[in-house]
Every structure is written in structure tokens, then in C-alpha cells.
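Below: one structure, written as C-alpha cells.
Naming: A, B, ... by sequence-line order, numbering from 1 per chain.
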Protein chains: 2
Amino acid sequence: MECKPLLKEAHKKEMRAIQDSMDVLSGKWKIAIITSICLYNKRRFSDILNDVYGISNKMLSKELKELETNKLIKRTVLDTQPVTVQYELTKHGKSLQTIIKDLTAWGIQHRKEIIGK
Amino acid sequence: MECKPLLKEAHKKEMRAIQDSMDVLSGKWKIAIITSICLYNKRRFSDILNDVYGISNKMLSKELKELETNKLIKRTVLDTQPVTVQYELTKHGKSLQTIIKDLTAWGIQHRKEIIGK
DNA sequence: CCGTATCCCCGGGGATACTG
DNA sequence: CAGTATCCCCGGGGATACGG
């Protein structure tokens, strides 16, 4: 009667949690999009398009939809002329802020580590 | 003379840092692989293959190579019979622990948010 | 301005079999 | 056990043009 099996169960749960997260957040663009919105609080389609280097409008549109489906962002159409659309983080989306902050710091450190030698 | 331009510059740097991070960590499997190794400290090829649900040996091999190139993990061949190979996090890899912990917690919360409604 | 539609190509990545 | 090699297919995703 040892604790290994219990540990294994706990680890499986952690692995599943990670994979749940990654199902929503993985992909080349999602985190960058969220970061863009997060930095400016509210952000328009074309602004995000500029912030996220290399993304196409088709991809951005698709990713935004998925993020909305997963309740991470809220989409608001403003009846200006012509139409503008604003994206902002939901409460659930904002709960990623810590992770984003850490990832930013890590990215800087990583650049030093690899390129800076 | 206002502070907006400075802010914009800072935000661009943050965006670049995020994209640096994502260049290394994005993709369906990387974080899950790192998590597996992290949970057990040292982990063998076939163990990771089991931990990361759905990954193929080809993908795992490829991803491990990339993680090694980016100095996140260390690969050690043990001269057992037959050969076994051990992966562990480098110091730099370990610096992801906080992020992984947060992602785990977030994944659990997310599941509640979406599925648990 | 904010997307959607269409076209089209390339490579990501699975299944399987094989080697040291 | 830890990968590599080969085959092969499908869809991710870019470019471009168009619609509300």
C-alpha cells in the first residue's frame, strides 16, 4: 500500500488540465491576440491585425471567433460609419493576465538565453 | 509631448516578447510534454508518449528535438539493455514551472467555466 | 472598416514498418 | 526501448477579391 497510485492519479489530472488549456490557447496566434487586447483594454480588428505580426485577416477572424466561443473575449459592434468592432477580455479572459505577464517576462529572458548566448 | 508614443513602444516590446515565447512554446504538444517531464522530474520517451494523450512517436521525437535545441530540456542516454533515454528540464526549462502551474489551475477553472456552465 | 468567399498549395502530421 | 523512414492524405492557412 504505497502512495504511487494516488500520485499517478493526481498527475493525470494535471496533464488533463494542461491539455484543456492548450486546446483553447495553442496555435500560433491566440496568446498574441489576447495579449494585444489585454494591453490596450479595448482593441479593434484592424489594430489587432497590426499588433500581431504576420497574421492574416482570415486567421484573425477565425481565431477571434474561437476565443469568443470559449468566452475569453467579448465582441461589440459600434454603429459608427463605417462600422467598427471592439474586442475586450471577459472576466474569464482577464484571468489569463498573470500567465501573459509571466510569458512576456519569460520571452525576454529566453531571447537573452538563446540569442544573447 | 505626451506619453502615448512611449507607451506604444513598450507595448510593441511586450508583443515581441510574447511572440518570442510562442515561437518556442506554441503547437499542440510542447507545453504538455514539458509538463510531463516537469511532473516526474525525469521521464523516458515511452512514458511521455503515454502521458501526452494522442501524440505520435514521430511528433514526440520532433518536438523533443526542438525543445532540446531551445535549451529547455536535456537528453541523456542510459546504457541499459535495451537502451533507455531520460529527459529532464534544464534550468531554463524549469523557469517555466510557474507558468505551467498557472496553466494547470487555469485549465481546471476553464473546464468549469465552459463545460460545467 | 470588418469581415466572408474562393482558390490553391504545401507541409503537418498520422499509420505503419523497420533498425540499432 | 527509442527513435527513423516511408507513404500518403487532408486541411491549415496565405493571397486575393468581394460584400455589407
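Between G54(A) and F45(B), the residue anchored closer to the 5' end of DNA chain D is F45(B), taking for each the nucleotide with the nearest heavy atom.
Closest to the N57(B) side chain, of the nucleotides dA2(D), dG3(C), dT4(D), is dT4(D).
Side-chain N/O atoms of S61(A) include none lying less than 4.0 angstrom from OP1 or OP2 on dG3(C). Checking the phosphate oxygens (OP1, OP2) of dC2(C), no side-chain nitrogen or oxygen of R75(A) falls inside 4.0 Å. When the side-chain nitrogen and oxygen atoms of K62(A) are compared with OP1 and OP2 of dC2(C), none of them lie within a distance under 4.0 Å.
The NZ-C1' distance, from K28(B) to dG13(D), rounds to 16 Å in whole Å. In this structure, M59(B) places its CE atom 12 Å from P of dT4(D), rounding to the nearest Å. Residue K58(A) contributes atom NZ, which lies 11 Å from atom P of dA15(D) at whole-angstrom precision.
Nearest heavy atoms, S36(B) versus D51(B): OG-OD2, 2.6 Å.
Contact of the L64(B) side chain with the R75(B) side chain is not registered, since no non-hydrogen atoms from C-beta on lie closer than 4.5 Å.
Once rounded to the nearest 0.5 Å, the distance linking CG of L72(A) with CG of L67(A) reads 5.5 Å. Atom-to-atom distance recorded for E9(A):CD and K12(A):NZ is 6.0 Å, nearest 0.5 angstrom.
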